[in-house]
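One is the number of the first residue; the rest follow in order along the sequence.
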Amino acid sequence: MALGGFANRVTHVDLSKGEVKYEGIPEDWARKYIGARGLGVRYLLENGPKVDPLSPDNLLCFMNGPLTGSEANMSGRMAIVTKSPLTGTVTDSHHGGWSAARLRWAGFDGLIFKGKAAKPVYAYVHDEKVEILDAAEVWGKGVHDTVKYFRQKYGEKDLSVIAIGQGGEHLVKFACWMNEDDRASGRGGTGCVGGSKNLKAIVIKAEKKMVKAANRDAWKPAHERALKVIMAEENITSPRKGGLSVYGTNVLMNITSNMGALPTRNSMLTSFGSDAEKISGEFVKQNILVEDPTCHACPVACKKEVEIKEGPWKGLRMESVEYEPAWSVGANLGNNDVNTVAKMIDLCNDFGLDAIEIGHPLSVWMEATEKNWTNGSGPLKWGDIHAMTEAVRKIAFRDGFGNVLADGANAAAKHFGHPEIAMTSKGQGIPAYDPRGMKGMGLGYATSNRGACHLRAYVAAAELGVMPFGSLKVDPLAWKGKGELVKVFQDIHAFSDSMDLCKFSAFAMGTDEYAQQYSAMTGVPFTTEDVLKAGERIYNLERYYNNQAGVGKGSDTLPERFTKEASTMPGSKGHVCELDSMLEEYYKARGWDNGVVPESKLKELGIL
């Protein structure tokens, strides 16, 4: 293949047969779908969209992009792509750290697993080869002990371990893969798919071999420009100065709560009031922060390692009290105890559970308790720190009522006889932005190809006014114009996820910086228009996959709580999310028919 940046080597593993094959990447696919997210979805489409997510026939792809393993800033990301057992849609979930770079340094652009091993196994990746080895020693262990085991076995130097915990082994539908203890490919149940294949871990051993750009003369100014905008004090990425670097993602907790855009107590409220401060990034920094770790080639260091100094979890040291998980097990559960927030996130990391999704079945249970709908399941009260912590364990092991909760919020709400109290779209729980207070995010949730998601279109950047150099600020309570805006964000993020750059790069970089880096690395001339077209192609490819999988017209929805029950809290009081009006705008911008991609659009984009 002529494109720079790629190793042009993907490992295909048939776990049922124990076969390992190495193949190149079809160049046409690499040019059209860029890498990582886009390329992974293309492999999934080739495999067939109607596959049962937990059958041996489903693919589980660990994919890099063309910038992975290079000196490109914020390029330490890996995409895990599969068909989701939680949503029945395509899903991709990304993690940071060092595993993506090491996979590339080991000589690979991706690992693709099919089939089911007869007994638990792990993949050992090193020196341009992949071995499938017995995982009996670590099956049944949590992520932390699994990582410790492999560090003792292979040495900690130059080693990355991506693993599932007991949640994946017990097929919790929102189980995830964890990288290097605490970096999650959190959403969509990718770890559940790993468990269904008896695949416990990916262990990568590789020395640093920085990938060189095809056009070195063009790379130097492109790289320097990207670094300059990241470092700029006007942007929240500015190291040790910008809010993202100083406080981490949890800098948003007080902001969204004050806006009336923080879903609280299963979204019955839109603000956590004064309690938001007690679980905020500012509170974390002042009281429990001990270190600011970072990822490969990233000067921002948004991760925040904490240590609990008092109470029942005293001595716990973990990473990281991120905004979304802190909301999920904090405001969403009526829990204002930051130590318990940290403990629950750490349990999710160790069990290998999506720390955003975990709060949804629990908050459904809490609302059902408040309204006397428990249907014989016993109570779970708002803010009961010991009971909610124990509930995480029960979910991971499918113990007792945890067996129902392990299938997600929709299953829990159905059990209670009130499906309307599941705050989900396409089966996946919403993240930490209430659509009544940030309406573009509501449209983003509904039209996300992987179920409710803030990262498919981070319109919050515009609604909060944290775009690069303050370039765009829109009214979060206005719905007009959000259809086109969401489409543009979705297309840009589809491209950056396929390079694969951290989503936070979008707080500093724009399409110019993306195009220049991609062009210099691959040697392919690329413009800002090409970035948008490639992103549009990837987004439509995903939607086409979903349509073929049976996710058809009328599937882009939100719970009626957001569209019919007005906010009662300051900042968004009296507002609902005008989803239908925004969808009309959005489908016009996309050229879709009520959520379905027409054949003409697929041909226009070169998908068919």
Side-chain angles (χ1 to χ4, degrees), residues 252-280 323-324 326-336 356 359-360 363-364 366-368 370-371 382-383 409 413 418-425 429-448 452-454 457-466 473-483 485-486 556-583 585-586:
L252 293 174
M253 191 69 71
N254 285 318
I255 296 171
T256 54
S257 186
N258 291 335
M259 291 171 61
L262 184 67
T264 299
R265 297 196 177 207
N266 202 35
S267 301
M268 291 192 291
L269 303 173
T270 58
S271 172
F272 203 25
S274 60
D275 284 329
E277 166 62 25
K278 300 173 185 177
I279 58 172
S280 68
Y323 171 61
E324 306 286 343
W327 157 78
S328 174
V329 300
N332 183 47
L333 302 184
N335 172 26
N336 66 5
I356 298 177
H360 279 278
S363 63
V364 165
M366 289 174 174
E367 181 175 346
E370 178 180 313
K371 295 178 176 177
W382 302 111
H418 288 274
E420 75 278 4
I421 67 172
M423 298 298 106
T424 63
S425 182
I430 68 156
Y433 309 83
D434 194 291
R436 292 163 290 191
M438 297 177 71
K439 298 185 180 183
M441 292 301 286
L443 178 61
Y445 295 165
T447 59
S448 164
C453 175
H454 59 299
Y458 195 69
V459 188
E463 294 186 319
L464 294 170
V466 292
K473 174 71 170 75
V474 300
D475 183 355
L477 297 177
W479 67 263
K480 290 184 178 179
K482 296 292 172 70
L485 188 65
V486 166
D556 295 331
T557 62
L558 287 175
E560 289 190 351
R561 178 160 291 170
F562 301 126
T563 60
K564 294 185 177 181
E565 298 178 20
S567 167
T568 60
M569 309 297 286
S572 60
K573 188 174 182 178
H575 280 268
V576 296
C577 182
E578 296 90 341
L579 179 62
D580 289 344
S581 298
M582 290 190 289
L583 280 174
E585 279 190 355
Y586 177 81

side-chain contact (heavy atoms from CB on, under 4.5 Å) partner of W382, the single match among T264, N335, N266: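 Between W382 and the candidates, side-chain contact (heavy atoms from CB on, under 4.5 Å) is satisfied uniquely by N266.
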M423: which of H360, M268, E367 passes side-chain contact (heavy atoms from CB on, under 4.5 Å):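 Going through the options one by one, the only one that passes is H360.
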NZ/K573: more than 12 non-hydrogen atoms of other groups inside 6.0 Å: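 At most 12 heavy atoms, drawn from other residues, nucleotides or ligands, come within 6.0 Å of this atom.
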K371 atom NZ, neighbour heavy-atom count above 12 within 6.0 Å: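 For K371, atom NZ is crowded (more than 12 foreign heavy atoms under 6.0 Å).
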Measure the [atom1]-[atom2] distance between [X] and [Y] for me, rounded to the nearest 0.5 Å.
X	Y	atom1	atom2	value
L464	K473	CG	NZ	7.0 Å
M366	R265	CE	CZ	9.0 Å
S257	L252	OG	CG	12.0 Å

No-hydrogen, no-angle side-chain donor-acceptor test under 3.5 Å, H575 and K439: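 The answer is yes; a qualifying pair exists.
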Polar contact flag, side-chain donor to acceptor under 3.5 angstrom, Y433-Y458: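 Y458 and Y433 do have a side-chain donor-acceptor pair below 3.5 Å.
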Heavy-atom pair of closest approach, residues P263 and I430: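 Result for this residue pair: CG-CD1, 4.0 Å.
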Flag side-chain contact, heavy atom, 4.5 Å: F562 against P559: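 Yes - at least one pair of side-chain heavy atoms lies under 4.5 Å apart.
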Backbone of K480 reached by a side-chain donor or acceptor of E585 within 3.5 Å: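 Checked: no pair found.
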Intermediate values then yes/no, salt bridge (charged side-chain N to carboxylate O under 4.0 Å, His left out), E565 and R436: CA-CA 9 Å; E565 298 178 20; R436 292 163 290 191; 5.0 Å; no
